[in-house]
Amino acid sequence: AALVSIPSRLLTAELVVEQLRLFYDNREIFKTVFAPLKILGNQSQFSWGVMGIKQETAREIEANLKNKSSPFYPGSVYEHLLDFSTDDPDQERFLRLTDENNRFYSYLYAALYLKQLLTQWEKAGFDVSGRPEIASTLYNIGFQNSHPNAFPQVGGSVITIREDVYSFGGLAAEFYHSQELVEYFPN
């Protein structure tokens with residue numbers, strides 16, 4: 001979060017919701033595999049790592065760092081944060097996002113994703129940086145569904161916890177505004 005100048009609490013809100021979604025959508029797997037080991041769950045199949053980044057989204061994040069004409073381009077200071085060190089970017093990207101012993105890149109991709117979405121909205125004249133419910137909704141619905149406007153709506157994936165139903169953006173905002181972990185991740 002510090003590397004891309006976004007609030008650590010905003011990044012943490014995405015992590016909390018991704019983990020809650022993983023826990024409640026795959027409760028039996030989570031209870032038998034991840035909980036006993038006291039580790040965060042790494043997603044698989046379509047989304048990778050603890051932050052639930054899709055391969056296509058990771059590629060877009062990387063491209064937006066270099067494309068100065070993109071509405072998501074956050075500035076030259078960020079251009080080289082995801083440069084690859086091998087000749088196999090697909091494999092390197094996968095290893096970055098799924099490494100259970102080092103989550104740096106999982107968090108960095110997510111932070112850059114948020115930064116790029118916030119940049120698009122700010123460039124369009126709609127600063128939503130102080131609206132965690134909107135930033136989190138955008139994080140969940142993706143670049144292709146991010147359309148800056150004066151009246152953004154909270155939403156995203158539906159997450160059912162016990163019998164309570166939340167939207168991704170709404171649940172992230174509830175965490176963000178709570179006192180949970182505030183000593184580690186202040187607003």
Side-chain angles (χ1 to χ4, degrees), residues 1-43 47-54 57 61 74 78 81 97 99-122 126-142 145-146 148-187:
L3 282 175
V4 301
S5 302
I6 64 166
S8 63
R9 189 146 186 91
L10 181 59
L11 182 59
T12 305
E14 312 317 316
L15 173 65
V16 166
V17 176
E18 287 293 349
Q19 291 297 303
L20 284 170
R21 179 166 62 170
L22 183 62
F23 177 80
Y24 283 99
D25 285 353
N26 300 297
R27 188 173 175 92
E28 290 310 310
I29 294 171
F30 194 97
K31 284 180 4 188
T32 58
V33 176
F34 300 116
L37 299 174
K38 295 180 174 49
I39 61 173
L40 294 174
N42 252 335
Q43 300 188 37
S47 297
W48 294 342
V50 297
M51 298 300 293
I53 302 287
K54 292 178 172 64
T57 302
I61 293 165
Y78 306 106
L81 287 177
L97 290 169
D99 187 343
E100 291 184 13
N101 297 312
N102 182 354
R103 296 201 170 88
F104 172 78
Y105 278 106
S106 193
Y107 298 136
L108 182 58
Y109 273 85
L112 286 165
Y113 185 28
L114 285 164
K115 180 72 168 185
Q116 292 174 3
L117 291 163
L118 294 173
T119 296
Q120 177 206 26
W121 281 65
E122 186 177 342
F126 305 103
D127 183 359
V128 294
S129 62
R131 307 263 322 262
E133 71 282 8
I134 301 304
S136 298
T137 297
L138 296 170
Y139 179 92
N140 184 242
I141 65 174
N145 295 308
S146 179
N149 66 81
F151 303 104
Q153 302 295 309
V154 179
S157 297
V158 173
I159 301 165
T160 303
I161 300 176
R162 297 184 186 93
E163 281 129 39
D164 297 320
V165 177
Y166 301 90
S167 68
F168 190 101
L171 187 56
E174 282 196 35
F175 169 80
Y176 185 91
H177 293 298
S178 77
Q179 292 302 304
E180 296 296 325
L181 303 174
V182 75
E183 65 274 16
Y184 303 106
F185 307 104
N187 289 338

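Throughout, numbering of the chain's residues begins at 1 and tracks the sequence.
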Contact check, side chains of Ser5 and Pro74, non-hydrogen atoms, under 4.5 Å: no
Would you indicate whether the side-chain heavy atoms of Met51 and Tyr107 approach each other to under 4.5 Å? yes
Pairwise distance CG(Leu181) to OH(Tyr176) - rounded to 0.5 angstrom: 14.0 Å
Lys115 versus Ile6, closest heavy-atom pair with distance: CD-CG2, 4.1 Å
Test item: Ile161 and Ile159 side chains (from C-beta on) under 4.5 Å apart, heavy atoms: yes
Please check: side-chain N/O of Glu133 versus main-chain N/O of Ala172, any donor-acceptor pairing under 3.5 Å? no
Does OH belonging to Tyr184 count more than 12 external heavy atoms closer than 6.0 Å? no
Residues Leu11 and Ala110: closest non-hydrogen pair is CD1-CB, 3.6 Å
Cation-pi check for Phe126 against Arg131: NZ or CZ below 6.0 Å from the six-membered ring centre and within 45 degrees of the axis, yes or no? no
What I'd like to find out is whether the side chain of Val158 reaches to under 4.5 Å of the side chain of Tyr166, using heavy atoms alone. no
A side-chain contact here means heavy atoms from C-beta on lying under 4.5 Å apart; do Glu100 and Val50 qualify? no
Testing the 3.5 Å rule here: is there a donor-acceptor pair between the side chains of Glu14 and Ser136? yes
If you compare all heavy atoms of Ala135 against all heavy atoms of Leu114, which two are closest, and at what distance to 0.1 Å? O-CD2, 3.8 Å
Strictly distance-based, threshold 3.5 Å: is any side-chain N or O of Ser178 a donor or acceptor partner for the main-chain N or O of Phe175? yes
Is any side-chain heavy atom of Leu3 less than 4.5 Å from a side-chain heavy atom of Phe104? yes
Short side-chain to backbone donor-acceptor contact, Thr160 and Glu163, under 3.5 Å: no
Evaluate side chain to side chain donor-acceptor pair (under 3.5 Å) for Ser146 paired with Trp121, printing each intermediate quantity in order. CA-CA 8 Å; Ser146 179; Trp121 281 65; 2.8 Å; yes
Stepwise side-chain contact (heavy atoms from CB on, under 4.5 Å) check, Lys54 with Leu97: CA-CA 9 Å; Lys54 292 178 172 64; Leu97 290 169; over 6 Å; no
Does the Glu122 side chain pair with the main chain of Val128, one donor and one acceptor, at a distance under 3.5 Å? no
Nearest-0.5 Å distance, CG of residue Leu117 to CD1 of residue Ile141: 8.5 Å
Is the shortest heavy-atom distance from the side chain of Arg9 to the side chain of Pro186 under 4.5 Å? no
Is it the case that the side chain of Gln153 and the backbone of Phe151 share a donor-acceptor pair, with hydrogens and angles ignored and the cut-off at 3.5 Å? yes
Would you call the rings of Phe168 and Tyr139 parallel, tilted or perpendicular, taking 30° and 60° as the class edges? parallel
Measuring from atom CG of Leu20 to atom CD of Glu174, what distance do you get when rounded to the nearest 0.5 angstrom? 10.5 Å
Quick one: closest heavy-atom pair of Ala111 and Val4, and the distance? CB-CG2, 3.4 Å
Between Tyr113 and Tyr109, is there a side-chain heavy-atom distance shorter than 4.5 Å? no
Supply the atom-to-atom distance Leu118 CG to Ile134 CD1, rounded to the nearest 0.5 angstrom. 11.0 Å
Over all atoms of both residues, closest heavy-atom pair of Pro132 and Gly130: CD-O, 3.3 Å
